[in-house]
Amino acid sequence: MVLFAFGLIAGVALGMLVIGFLAIAAYDRGYKDAMDRRKAWRAELVARQDAVSAALQPVRRRAS
């Protein structure tokens, strides 16, 4: 009975350790993916703003 209790406690401890490392790895992977998506989104936003600014530049010159 003592051996069973020791095995159960060791198994739970090992399982928590493994699950903890897996959770940290999944969080880190998700964070990196989100940052990559944000970089792509930001680059597209800047490109769109530059395109609109370039298209409106002749209109601004005529208005002033």
Side-chain angles (χ1 to χ4, degrees):
M1 186 68 177
V2 173
L3 190 59
F4 174 73
F6 178 72
L8 186 64
I9 291 171
V12 169
L14 182 63
M16 288 177 61
L17 186 67
V18 169
I19 295 297
F21 278 115
L22 289 174
I24 291 170
Y27 178 83
D28 188 48
R29 190 170 37 251
Y31 180 80
K32 286 180 183 175
D33 288 345
M35 291 307 284
D36 289 343
R37 285 193 308 269
R38 185 177 185 273
K39 287 177 187 175
W41 174 82
R42 182 73 181 149
E44 182 181 352
L45 177 64
V46 169
R48 287 179 184 221
Q49 288 174 339
D50 289 345
V52 169
S53 178
L56 291 178
Q57 206 166 26
V59 174
R60 288 184 190 143
R61 287 185 184 160
R62 279 185 269 159
S64 53

Note to self: Let me confirm one number: the CD1-CG distance from I9 to L14, rounded to the nearest 0.5 Å.
What the structure shows: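 Those atoms lie 13.5 Å apart.
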Notebook entry, point to check: Looking at CG of L45 and CG of D50, how far apart are the two atoms once the value is rounded to the nearest 0.5 Å?
Noted result: 9.5 Å
Check: Going by side-chain heavy atoms closer than 4.5 Å, which hydrophobic residues are tied to M35, directly or by a chain of links?
Finding: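 Under the 4.5 Å side-chain rule, M35 groups with Y31.
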Check: Taking all non-hydrogen atoms of both residues, which atom of P58 and which atom of A54 are closest, and how far apart?
Finding: CD-O, 3.5 Å
Note to self: Salt bridge or not between K32 and D36? Use side-chain N to carboxylate O under 4.0 Å.
What the structure shows: no
Margin query: If we check side-chain contact (heavy atoms from CB on, under 4.5 Å) with V46, which of these qualifies: E44, R48, R42?
Written below: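 Filter result, single survivor: R42.
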Note to self: Can you confirm whether L8 is buried at CG, in the sense that more than 12 heavy atoms of other residues, nucleotides or ligands lie under 6.0 Å from that atom?
What the structure shows: yes
